Each structure stands twice: as C-alpha cells, then as structure tokens.
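Here is the structure we will look at, set down as structure tokens.
Naming: A, B, ... by sequence-line order, numbering from 1 per chain. A quick note: this is a predicted structure, and the numbers were derived from the prediction, not measured. Below, each value reflects all heavy atoms present in this structure, side chains not excepted, and no hydrogens, waters or symmetry copies.
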Amino acid sequence: MKRRDFLKTGGVVGTAGLILDGCGKPQELIPLLVGEDTFVPGEEGWIRSVCQQCAAGCGINVRVMQGQSVRTIDGQQKRVKAVQAKKIEGNPDHPISMGGTCARGQAGVQALYHPDRIRTPLKLSGPRGSGQYQAITWKEAQQQLVTQLQQQQAAPQAITMLTGRRNRGTMGTVIERFAAGLGSTNVVSYDPFDPAPIRKAMELTTGVAKLPAVDFANAMYLLSFNANLFETFLSPVRNIYAYGMFRQGRPGMRGKFVHAEPRLSQTAACADEWLPIKPGTEGLLALAMAHVIVNEKLYDADFVNQKTNGFAAWSATLANYAPATVAGQVDVPAEKIERIAREFAQRRPSVAVGDSRDVASLTAIYALNALVGAYGTKGGILRDSAESPGPAPATAGPDIHRFIDGAGGVKALLLFDANPLFTLPEAKKLQTALSAVPFIASFSSFLDETAVMADLILPNHHSLERWIDDVPEPGVGFPIRTLGQPVVEPRWDTRDTGDVLIETAKALGGKVAEALPYETFAAAVKESFRTVHALNTGSTVDPDFDAFYKKVTEAGGWWATPPTAAEGSGLRAEGKTLTPAKVNFVMPQAPVTARAFAGDPQQFPFALHLYASAAFADGRTAHLPWLQEMPDPMTTVMWGSWVEINPDTARKLEIHEGDVLMIRSAQGTIELPAYIYPGLRPDVISIPVGQGHTQYGRYASSRGANPLTLATSALDTASGAVVQAGVRVGVAKAGRVEEIIRFGNPEARDHHEEPPHR
Amino acid sequence: MPSWGMTVDTDRCTGCEACVVACHAENNLPTVGPEQAAMGRTHQWIRVERYWEGEFPNIKAKFMPVMCQQCDAAPCEPVCPVNATYHTPDGLNAQVYNRCVGTRFCANNCPYTVRFFTWFTPSWDSPMNEQLNPDVSIRTSGIMEKCTFCVQRIRRAQDTAKDEKRAVKDGEIKPACAQACPAKVIVFGDLSDEDSEVSKLSRSNRGRRLLEELGTRPRVVYLSGGGA
C-alpha cells in the first residue's frame, strides 16, 4: 500500500498537524514513516474574502481544509468534521492587495479561532464593567433588543449608534438605514487616527472627497510628510507593493524617497533621506518647498496655467514661508529645504503624500503635487471619480464629544465595531457618560473595554463567517467592489449583525421595516451589486445577474479594469474615468503655523509623539498572539510597550533601557519602561499606541500602558473629525527597572545602548 | 532534479514583518509567551534584522529578512551525531524531527542563528489549534527546527504538476514568506533553470551571500540597495 492510499484509507486529508487531533500521538508515528521532505499533500480549497484587520480593504484568498473540531453538541463534547480556515493570503487579482498581505492581515485567522471570542449572546449579570455575563439564546437577545428599541419609538432621537471607522459597503448602508428608519440621526463614528482631514484636503484640492490614490510605484521622487506608509497609513499593503516597484520594479530606474517626521519610523527607515522635523511643522515645510519651487519657476507651468485655479493668489501668500524664515521653526537647514524642493520639482514624475491633523497643513502638502503636475498622471495622485461603485459611506452624525455632552438624553446605545473607551483620550468622561445610558447593546466579538459596558451583547460573526462587501478607499484610480462569501461555517453561536438588524427592523415594523426591505443581509449584499452589473464592463461581465454575481463571488469582487499578471501594471492611471477637473490651490483660512503643543514647557519639556503601532494599529489587533510575539520592526520589542527617548536626552537624565519612567501630561500619568531610541528628536518623547488594554482577552489585557490617556482630542471644524491635539509631557524615573522583552540575544545589543546600571 | 534557491531584495524591503507572521501561520510555529520570549525562546524561522547606522540626526535603519540559508556546505550537518539534519537531492537542508536527539550542536554551529530548539511541547489554546496546517508536523519538545523553504509547498506543487503530467512552472512555488510579501522582496525557484526568475536575479551584480567568506555556500542571495 502506498503511503497516499494509507492516508486516504485513514480518511484524513493531511498529515501530522491534523492527525494529531484525530488519533492519539501521530507525532511519534508519522515522521518515522516519512521525513518532512517526502510528504503527500491533502485536498485544499481557496475562498476569497475581504480583510477586516484595518480599513484598507485588501482582497484576500483563504485556504480551507477539512479538519476535526471539538464541538459541544447537546451538552456533550464531540469531534466533528469541519471546514477550517488555515491561512490567509492576498487575492492575487485584487487591485489593492496585488496578492500581498501585511502582518496584521495574516493574523486575521487568529481572531477567528481566538479562545476568548464571545460564543453566545450575553446578558449582563453583574455591575457594568465587571465582565459578568450570562449566556442567553438569540431569541431572548433579539427580543430584548426589540423591546428596548420599542420603548424609544416615541422619541427616536434618544437612540444612538456608535461606530468605529467609517462602515463601508452594505453594512454601512444597513446601519445608516436602520438608524434613519427608527427616526434617529445619531450615528456617531470615532476613529482615533481618523483620516478625515486628508479626505477634506483632497475635497478642497480636487473637488472629490476621497482619500488620495498615490501612484508612487511609477514615481521617480516621493516626498512624504509624516505618512507612516508601511505601518498603518491608509493602505499599507498597497503602499508596500508600490515601494517595491518604486525601488526595483523598473529596470534601470530607482526612485528617491525623502521622508519628514519627528521620529525615524519604519517608513522613515526606508527613505533615502530623513528630515527630523519639529512636531507639527509639516505644513510649514511644505510651504517652504513650494516657495522655492515657485520662486525659482521650477513648477509645471502648463499644468498650473491650464489645469489649476487660484495659483496667483495662493503663490502670493508664499512670501511668508521662505526657507530662511521657517528653517528654524521646522529645524531643517534652509539649504536642505531648497535642495530637496529643487529635486522634487525636477525629478518628475514626483509626488508628495502627507498625514497631518489639520487640513491647512494637508492642503499645503498636497498643493506640491499641483506644482509638479502630479494630479491625474501616472506616478502622481490618481484621479478618483466622485461616484462610488457601491454603497457610499454615510454622512457624519454628531461627533463623540457632542455625544458625551448630550449623553443625558441618550436612552439606548448600539455599539458597532468601536472601542472608544480604549481609543478616546477622554475615556473617563465617556465612561461617566455611558454609565448614565439606560440601555447599551454591543455587537462586538470580544469583551473589550467598551463592550463590558453593554447590558446586552449580540456577537457578530467573524468576517470569514459572513457575507461582506467593500468599496476600498483609497482606491487605485478606478472603481473597485470587493466581495467575500462565508469562508467557514460559524464556529460559535454568533449571528451576522446585518441579519440581526434586518430582523429587528421587521419586528419593529413601520418605517424602519420599510427602510430595510431585505430578506437577509446576504440578499442586501447581492442587491448592492446591481449597479456594477449594469455597467456591463470591467473584470466580470455577464448579461445574467445571477451568473454575474456567482463569478464575482468566486473572483472576490469586481473592478473596472481586469488586472494583468505582469508586475507593475497594477495601477492604470490612463483609465478612462479621468475627466480633468481643475485642481485648486487652497487658500488657508489663517496663516499656516507650527501646531501648538499644549502644556507648560518648564513642567512638560517634551512634545509627545504618539503613533499607531505597526502590529496593533489603534489597539484593535492587540488580542492576537502572533502579533504580540512579532518583534516590533524598529525596536524588536515583543509582548509589551515602551517609551522612546533620544540617546542624548537619556544620557542627560541618566536614563537607561528598562528604567521605568513616569510620563506626565496635564491629563494624567502613565508608567512605561524606557527604550533608548536613536532615531528620535531630543525634544520629543514617543510612544506607540495599541497596548495597555484592561480587557480584550487573555493575550492583550494587562500589558503595558495606553498612552492615549496622556492626550486630548477635539473636534476639527474644518474636517468634522475628532482629532488628537498636541500635548507636552514630562518624564521622571519611577525608581524601578522593568526588563523590555526583545527579540534575539539579550547579550548582543546595539552600540547605542549602554549597559543598564544594575 | 531541481536545485532550489532564493533571492531576497533588501532594496524592496520595508521591514513590515508580514513574512514573519505568515511563517507562523504556515509552519505551525507556536507562540511562547512573554516569559519564554524574554529568554530568547521564540520560534522565528524567518526574522527581520534591523541595523542602526550613524547617530542622530544622520541616522538610518536598514532591514534584512534572514531565514535558513540552506547552505550547500552546511556547518550544521556534519556535527549532528544522528544524521537528523541532512541534504536532500534537490538541495534542501532538511531536518528529520524524529531522529533529532536535541544535542543542539547544529544550532551552535550555525553562523546565521536560524535554528530553533523546542524547549516545550507546543500547545495552542483551543480552538486556535483548528488553524494548524495539516501539511506540517507539530514538533515535540527537545528537538531542533528551522526554515524548510516551505518544503510542503514544494512537494504540493510537484505533486500537482505530476498529476497534470507537466513540469513545475517557474513561480508556481512560493514559500509562505514570499507569498505574503507585498513588496515582492523574496523570489523562490529553481537555480538549475537558467531562465527562472530566481536564477536571473541571483546573477545580478547587486547580489551577495551572507557570511560567504565562511565557505558555507548559501542558497539565498541578497540583493542590496543602490542603483538597478
């Protein structure tokens, strides 16, 4: 009998990993029979879906195999055969991911099989925040939700929906329609790293309120202001793909990359030149460069004359931003600003990209692209259509601070994919506000800091267990609709939130039932593809809608131009949707200045630089052990958090690696071990966001500190988003030493780090 | 007989570590938790090394993914008293887990420090074990393990090609690290095929091998930065 037949007779699809589950101790058997290099593969399948680990919207390809699963059936533990998700890869045909994934994307499968997932609907059985819940049935849970909402039907504005990042695709539509049908306009959305200021800057500049699709894969010069392109900025997988092309994807050509940021981030590390600017001066630096380009007439005159508005008035304001004038504020020598501005203007195609909290700085940065004619061109900012190929995101409701102020009037709160008690700097105020809300329901899959405030939890499926669709933003200059079908059967007794809302609407009747006239959420997703079907073009065309939808499901979505296998053809700037609208040079409402950092400089000598961690972003992936044990790309730290301090500053303050520092701001104090970080300005303290959970499962909770508690946030009236404001901090040694867990041999450390004094 | 090799283009690498997590997912690498991690006992068949160069403000950091170099003259092989580490005909430096008695001589002799000892029998908090890849053995305690170039993927592709009565196509086999990488840093393929992408890249004048001077004859070629 051949080994393959032996395995087939055994009724098993693979080898050791699976058999281990099935029949005793095969690890003592199989490798004796065959070495690892002579193995016979079992059957596998691949199903396409959409990654939900961040907001980029990458298309993914999930490997499934049959395996054994221990389930409780009628109170008894039984082994059953089940299709299991084994591995997440990028969908090679998807225009965003181009077959790649990031570390967080890879770890999505751990969220599916996480031991601390909420397994059934739960009803609070102790005080709020205690985490004491009792399991109830879906019938009871949904009945409770209906009853609670019915009580508010006379005054529906007392019902509020609180969401995290913008809900795109059909889920966004369903939440919005559900609220509108109830008669509530209170859909509050809060994201601690909300890109809304960038969207607003793009709207002012190009007339299209969409995040920029930056085609730096085809650029010769990339100038980045604070944008953490390869960690968390907008579409990291797309950005990393573009970087590979930018460096080595074009024979004989290699782009130059200059990055300005107070800290040498992972992105800055990839740059040819890093400009360690003072925090909050990115707008000034951009204007100084614009001054050089305009003064020396290095701009693309044809583009500026024919395709832009407002150049004359805007360029007149540049007189105040001569490099010699702002060099001191930005802390970059004037000659360097001039040289880089000249390089940027002359090595076309060049493109500038920026991340900032204020719209005026952003319009200054993105105006550089107008000077070099980078709008709507290959290697520039790809022009996006104002229309959406699918459900468009809802318009913003009240911001979270208005919600806190008006929480007294809130009678029922529904939480969707949001954890503001972790991500909002003013979490304490929010906690007080939430305590006063009589009824809170959460659709969370995990007991996070906010979910533990809920009276009722109706756990959603993991994204691999449900239908899911998306319209990625930023796109790549042509319409994309991503689609995912359920990859595996639900592992636990959870339900698709879309279905729960549709059924709740039906039970409530009236306007809300009319607003959601779908049988199921799956039907609503399918219905949303009618618009792209009607276009009769793009990656999938079929006159029959059902056949079309089947093909789109298998492909993982529909996009306007079919992708080709050849590397480098991913971005098709020359697409036909480019109607050349004029680009505006945006006059700032007030002169652009360095952003203020609140706090007395004597008491708080350092500006605080908070950045989204490469592994955990805003903390939403801190519950996954693969990411906890992934060494941070810059510090190699695992399983913890730290505070970064410049080596010279540390020497002056006699701080060594592992010394626990008390970091104080006007808002509060946290304690973290010091990491001597050689790529940081001496006047800045930086801390990654993501750790410091008090809830969120066994791997995330009680690990490090949450630095957001040091910050403040406020509504930015220009963009309508709540953004973090700059704060200053002071540091003092706490008198303790805490070993920072780092990858690799503790004996072999970099030359920058002096041995600890212990 | 193919001769497997790899190129790593560090000029494309952003240090994102998608490869590191992909390797955990593919190869059933356990996480060991903070206490064991502090003792250097994590399993990272591929790691991304980060090198600081210079001092503030003229400082740079560079990234380099490092995995088993599958040396042709592998220093790990002759020191194994039980032949647990050996060379396959297609050029892989393979490990037979059940022969390994855990002397750790091989790890001691590896100049690239890419071999990992299993200090404990790994466990996964249920139901995380449902993610485990059935194509890859679970390694018990007391043995050495390391990057296999995703031999299970090589054999799967060969098996499929055989069923379809054709040769394995260039680019058909992608180790988990190469498949995950958004920047296409890692290219894998048959070095005996002069026209394969990996062959062409490995002949680039940007290429070098790690610690070549030791005479280990690594099968991984690093393409370093600068012009094309």
Shortest non-hydrogen contact between [X] and [Y], atoms and distance:
| X | Y | value |
| --- | --- | --- |
| T636(A) | R50(B) | CG2-NH2, 4.2 Å |
| S69(A) | E130(B) | OG-OE2, 2.7 Å |
| A37(B) | M638(A) | CB-CE, 4.0 Å |

Heavy-atom pairs under 4.5 Å with chain A: which of A61(B), C181(B), P127(B) has the most? P127(B)

Looking at A176(B), P30(B), C13(B), G33(B), which has the largest count of heavy-atom pairs under 4.5 Å with chain A? G33(B)

Select one option (side chain, backbone, both, neither) describing which atoms of [X] are under 4.5 Å from chain B's heavy atoms.
| X | value |
| --- | --- |
| Y677(A) | side chain |
| A85(A) | backbone |
| P631(A) | both |
| L680(A) | backbone |
| D632(A) | backbone |
| S97(A) | neither |
| N239(A) | neither |
| V237(A) | both |
| R681(A) | both |
| P276(A) | side chain |
| Y699(A) | side chain |

Counterpart residues, side-chain hydrogen bond (donor to acceptor under 3.5 Å, both in side chains), relative to Q179(B) (two or more places apart): R153(B)

Hey, which of [options] has the most heavy atom pairs under 4.5 Å with chain B?
| options | answer |
| --- | --- |
| A103(A), P682(A), G640(A), G100(A) | A103(A) |
| R491(A), Q628(A), R117(A), H114(A) | R491(A) |
| R63(A), E89(A), Q110(A) | E89(A) |
| R104(A), E273(A), E44(A), E231(A) | E44(A) |

Checking the side chain of Q44(B) only, and the main-chain atoms of E629(A) only, is there a donor and an acceptor separated by less than 3.5 Å? yes

Checking the side chain of R12(B) only, and the main-chain atoms of Q248(A) only, is there a donor and an acceptor separated by less than 3.5 Å? yes

Can you find a pair of side-chain heavy atoms, one from [X] and one from [Y], that are under 4.5 Å apart?
| X | Y | result |
| --- | --- | --- |
| L627(A) | V21(B) | yes |
| Q84(A) | Q131(B) | no |
| M98(A) | P182(B) | no |
| M634(A) | W52(B) | yes |
| W274(A) | N58(B) | no |
| R47(B) | F743(A) | yes |
| P678(A) | E55(B) | no |
| P34(B) | R703(A) | yes |

From [X] [atom1] over to [Y] [atom2], what is the distance, rounded to the nearest 0.5 angstrom?
| X | Y | atom1 | atom2 | value |
| --- | --- | --- | --- | --- |
| D648(A) | F56(B) | CG | CZ | 9.0 Å |
| Y113(A) | S126(B) | OH | OG | 11.0 Å |
| F230(A) | E17(B) | CZ | CD | 15.0 Å |
| K184(B) | I240(A) | NZ | CD1 | 11.0 Å |
| M630(A) | C16(B) | CE | SG | 8.0 Å |
| M128(B) | L624(A) | CE | CG | 6.5 Å |

Side chain from CB out, backbone as N, CA, C, O: work out which of these in [X] comes under 4.5 Å of a heavy atom of chain A, or both, or neither.
| X | result |
| --- | --- |
| L29(B) | backbone |
| C19(B) | neither |
| V32(B) | both |

May I ask you to say whether [X] pairs ionically with [Y], meaning some side-chain N is under 4.0 Å from a carboxylate O?
| X | Y | result |
| --- | --- | --- |
| R254(A) | D11(B) | yes |
| K86(A) | E26(B) | no |
| K87(A) | D135(B) | no |
| R698(A) | D125(B) | yes |

Take C270(A) and F63(B) through the side chain to side chain contact (heavy atoms under 4.5 Å, CB included) test and state the conclusion after the steps. CA-CA 8 Å; C270(A) 297; F63(B) 301 109; 4.1 Å; yes

Output all residues satisfying salt bridge (Lys or Arg N to Asp or Glu O under 4.0 Å) with K174(B), sequence neighbours left out; order by chain, then residue number. none

